[in-house]
Structures are given as structure tokens and as C-alpha cells.
Amino acid sequence: MTKLGRQLGIGPTDNTSDQRTPRKRLRLIPEAVRESFVPVVPARAVTRQYEWDMTRISPDLPRADGDAIEVSGTLRTADGKPVRGALLEIWNANHYGRYRHVEDHSGLKLDENFFGMGRVLTDYDGTYRFWTISPGAYLARPDIGRWRPKHIHLSISGGPVRLITQMYFPDEPNNATDPMAILMGDAFGRNMGKPYATPDIDVDQGYRFDIVAGGRNATFFE
Amino acid sequence: MSEEQRANALLPTNEDTCGPYFPIYFGDDSLEDLTRIHSGVVAGASGQHIILRGRVLDRHGNLAHGVVMEFWQANAMGIYRTPGTEGHPDIDPWFSGYGRLRSHSGEYSFCTIMPGPAPGRAPNITVTLFSDGINRIVTQLFFADHPANDGDPLLLGLDPEDRDRLMARRDGTAAAGAEIYRFDIVMAGDNETPFFDDLES
């Protein structure tokens with residue numbers, strides 16, 4: 001019999017998590033086939049020139065509503081090596097908590113100057129940087145009054161590095177009750193942007209978010 | 001990793017759900033059909049074209065709408081394109097082996113080529129799911145009735161019911177000659193698909 005791995009947690013008050021989280025413990029992968037479980041994402045240059053600045057739809061159009069922020073940091077593997085040329089696909093809600101996604105039926109206000117999706121690549125030293133609008137929190141469970149705290153989604157792929165994560169904001173009142181934050185427990189702080197001042201650039205606030213791709217896959221071919 | 005490297009390892013960023021709004025805008029046709037590079041370009045992968053079709057279902061048997069699926073497989077010669085196979089004579093220059101799609105409804109269709117058997121393995125495709133409510137879950141599908149299934153080390157470690165749950169089954173031929181295979185994934189509950197732990201393994 002295959003030996004057993006993790007039992008995945010179900011996010012409290014998250015109905016979708018209850019519907020979609022496997023109930024059986026994950027199976028460990030036999031060493032003889034371990035390599036086949038390491039997808040290697042090919043480098044795809046699909047960023048567009050202005051996508052790093054999500055505070056406006058294009059350079060000739062006005063700024064969106066809300067606070068402009070910079071998010072910057074490094075992408076490294078757990079052994080500290082920078083991950084070069086990785087693709088970061090970024091999306092976040094607008095100032096009012098609305099996504100420009102055809103399946104967002106929340107009815108919250110759309111901002112005609114905010115697109116909410118962008119892509120950047122990490123540099124030679126694994127650093128990245130983008131600008132966006134500080135997202136609004138939104139009511140995820142009106143029936144029990146649970147909000148999703150402000151967050152920015154990041155989907156990261158580069159060679160054997162593959163993770164989807166979210167950056168959260170410090171001192172937000174809804175952080176403590178977020179199902180995903182609860183599942184992360186003490187490790188939640190690792191997903192927190194660290195504020196820095198931005199006196200020399202045209203944004204209101206900076207957040208440093210250093211990303212570490214864990215797990216064996218990320219370093220499998222080193 | 002050595003003990004020392006393990007002790008010095010950086011703490012990993014938590015994986016998190018992609019939520020319900022993974023941008024459809026980030027879709028890429030060339031990742032949903034690995035048999036060709038682009039309709040206007042004379043180039044394509046070698047091998048038998050196949051279409052993988054199926055449904056992703058939740059604990060109640062409902063379609064898992066908004067699911068993001070990623071696929072990873074060897075080329076027709078059984079070679080994975082990794083840093084370890086660089087320069088291998090059987091690399092197919094027009095086949096990366098990585099696919100991705102987002103399904104609005106929870107039903108999916110993915111065009112690719114039949115993977116060849118890697119050494120010691122039965123032909124297989126690794127499938128990664130991202131969706132609202134979960135972070136990332138991983139499984140591997142096989143092709144029913146392939147003779148190499150009987151000796152595959154992953155399948156041999158599973159009981160017969162779970163082995164059966166990883167089988168894509170032939171379901172006819174498309175007009176252009178592609179073989180159609182059906183593979184449903186049950187994320188949770190009765191008849192749950194076996195998922196594998198690539199963090200603890």
C-alpha cells in the first residue's frame with residue numbers, strides 16, 4: 001500500500017472548501033516515480049509592456065480610484081537561490097472590492113480605470129516589482145457577516161517552481177477570521193506584505209513581499 | 001537537502017487558494033492544445049493526437065466550476081522536457097508537455113498527444129487542480145487497458161478501486177482522427193480520486 005501523507009484542512013466557514021477538499025489523506029509518492037510529479041513550466045514571455053503598472057489601464061489613461069501601492073520583493077527557493085525569469089500573474093479586486101471577472105456577480109462598483117490583472121517576470125536576481133491599487137475587502141458570506149480581508153492574488157510559475165498564493169495586509173480587521181489565514185495558523189505572517197515608505201515614486205505606500213517556493217519540486221533538478 | 005541545508009532552509013510562503021476569480025484573461029490557447037504551436041504556424045508535436053475530456057466534481061457530485069487544471073506529461077517517446085533531459089536526442093522541439101486551462105463549468109477538454117511510456121512507467125499524465133476552497137491538489141491519470149499499467153510502480157501501490165479511479169477510458173474518435181479519452185475527477189467524498197502529496201514525498 002502507498003503510505004499516507006498530509007490530511008488537508010477544510011477552511012472554517014468556507015462552503016466551497018467543504019465541497020472540494022479531499023477527505024482522504026494524500027498518498028505519498030513512491031520514490032521511483034517521484035520525478036514524474038515535477039511539472040516544469042516552460043518560459044512563456046506573455047507579459048505586456050505596461051502590465052507592471054496596474055494603477056491605470058494604460059499609461060495614457062487616468063489613475064484608478066483608491067491608494068496606489070507598489071509591491072516588490074524576491075522569489076527564491078527554500079535553499080535561498082533566486083528564481084529568474086519566473087512569471088507572476090497578478091490579480092486583485094478594485095478599491096470597492098470588485099473583480100473585473102465575468103463571474104463576479106457581487107454587484108459592487110466597477111472602476112472604469114481599473115483592470116485588476118497584470119503580469120511581470122522576475123529579474124536575473126529573482127526580484128520583481130509591480131504597482132496596483134490597494135484592494136478593497138469584500139463581504140464573502142453575507143449570511144454570517146464574514147469578510148475577505150484585503151488581498152492580492154499571485155500565481156507564480158517558472159521551471160519546477162509553481163505556486164499560487166496571496167499577499168495580505170498587516171493590521172486588517174478581517175485577517176483573523178479568514179478561513180485561509182486560519183488554516184495557515186502561525187505561518188500566516190509569511191504571507192503578509194511589509195510596509196515601506198515610497199518618498200521617491202508616485203505611489204502612496206510600498207509593500208515588500210519576499211516569496212519562498214517551498215517543497216521538493218522547486219529544487220528537484222538542482 | 002542535507003541536514004545543514006534543511007536547518008538553514010528559508011520558510012516557504014504558504015500556498016493559498018486561487019479563489020473563484022482566476023482570470024480567464026490569463027488563458028492561453030497554446031496551453032490548451034499541445035498538438036500545435038499556433039494555427040498559422042507549420043509546427044506541431046509528434047505523436048497520436050488525443051482529446052482528454054471529463055468533469056471535475058465536488059463532494060455532492062456537482063461540477064466544480066472555475067477550476068484551473070494543469071497537465072504535465074512525457075512526449076510521444078516517453079521523454080519529459082526537464083533540465084535533466086536537455087540535449088536528449090528524443091526531445092520533441094515542438095512539445096513542452098505542460099498544459100493549462102480554466103474551466104468555467106467544471107467540464108473540460110484538453111488536446112494533447114498520447115504520452116509514451118517513460119522508463120519503468122505506464123503512459124500517464126500528471127494533473128494539478130487549483131480552485132476556490134483548496135490550494136493545490138495533484139493526481140496522475142493512466143490509460144485503461146494499456147499493458148504497462150500492470151507493472152507501474154504508482155498503480156501497484158494502490159488498491160484496485162483507487163487504480164480504477166485513475167483510468168482514462170477510450171470514448172471514440174474525433175473527426176480529425178484524435179482519440180477521445182474520458183477522465184472524471186472527484187475532489188472529495190464517495191468515489192474520491194486518489195491525490196498525491198508532493199510536499200511530504
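Proteins get letters first, then strands, A, B, ... in listed order; numbering begins at 1 in each.
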Name the option with the most non-hydrogen atom pairs under 4.5 Å to chain A; the candidates are [options].
options	result
Pro20(B), Gly120(B), Ala64(B), Gly84(B)	Ala64(B)
Thr126(B), Ile134(B), Leu11(B)	Leu11(B)
Gln73(B), His60(B), His104(B)	His104(B)
Ala188(B), Pro153(B), Ser201(B)	Ser201(B)
Ser96(B), Cys18(B), Pro194(B)	Cys18(B)
Tyr80(B), Tyr98(B), Tyr21(B), Phe195(B)	Tyr21(B)

Can you tell me if [X] and [Y] form a side-chain donor-acceptor pair at under 3.5 Å?
X	Y	result
Asn92(A)	Thr132(A)	yes
Arg165(B)	Asn191(B)	yes
Asn191(A)	Asn14(B)	yes
Thr74(A)	Tyr128(A)	no

Taking it one step at a time, do Thr177(A) and Arg146(A) satisfy side-chain hydrogen bond (donor to acceptor under 3.5 Å, both in side chains)? CA-CA 7 Å; Thr177(A) 51; Arg146(A) 176 172 67 71; over 6 Å; no
Just so I understand: if I count every heavy-atom pair under 4.5 Å between each of [options] and chain B, which residue has the most?
options	result
Phe209(A), Phe188(A), Phe115(A)	Phe115(A)
Pro42(A), Gly80(A), Gly159(A), Ser155(A)	Pro42(A)
Gly214(A), Ser17(A), Ala93(A)	Ser17(A)
Glu103(A), Arg25(A), Met180(A), Glu35(A)	Glu103(A)
His153(A), Arg162(A), His151(A)	Arg162(A)
Val41(A), Ile156(A), Asn217(A)	Val41(A)

For Asp197(B), salt bridge (charged side-chain N to carboxylate O under 4.0 Å, His left out) partners two or more places apart: Arg6(A)
Using non-hydrogen atoms and a 4.5 Å limit, figure out which bit of [X] sits close to chain B: side chain, backbone, both or neither.
X	result
Asp104(A)	both
Ser36(A)	both
Arg20(A)	both
Phe220(A)	neither
Glu51(A)	side chain
Leu8(A)	side chain
Arg76(A)	side chain
Val102(A)	side chain
Ile90(A)	backbone
Asn15(A)	neither

Less than 4.0 Å between a side-chain N and a carboxylate O, is that true for [Y] and [X]?
X	Y	value
Lys24(A)	Glu192(B)	no
Arg59(B)	Asp18(A)	yes
Lys3(A)	Glu31(A)	no
Arg136(B)	Asp16(B)	no
Asp171(B)	Arg169(B)	no
Arg81(B)	Asp92(B)	no
Glu112(A)	Arg56(A)	no

Does any heavy atom of chain A fall under 4.5 Å from the side chain of Asn135(B), the backbone, both, or neither of them?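 Only the side chain of Asn135(B) comes within 4.5 Å of chain A.
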Heavy-atom distances under 4.5 Å only: say whether Thr193(B) touches chain A with side chain, backbone, both or neither. neither
So which of Trp72(B), Phe130(B), Phe26(B) actually passes side-chain contact (heavy atoms from CB on, under 4.5 Å) with Arg100(B)? Phe26(B)
Kindly say whether the aromatic ring centers of Trp91(A) and Phe22(B) come within a distance under 6.0 Å. yes
Using ring centroids (six-membered ring only for Trp), state whether Tyr196(A) and Tyr207(A) fall under 6.0 Å. no
Could you walk me through whether Gln140(B) and Leu154(B) pass side-chain contact (heavy atoms from CB on, under 4.5 Å), step by step? CA-CA 9 Å; Gln140(B) 204 165 75; Leu154(B) 189 71; 3.4 Å; yes
Using the six-membered ring wherever Trp is involved, compare the ring planes of Phe71(B) and Phe110(B) and label them parallel, tilted or perpendicular (cut-offs 30° and 60°).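 Parallel.
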Residue by residue, which of residues 30-58 of chain B have a heavy atom closer than 4.5 Å to a heavy atom belonging to chain A?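 Leu31(B), Asp58(B), listed by number.
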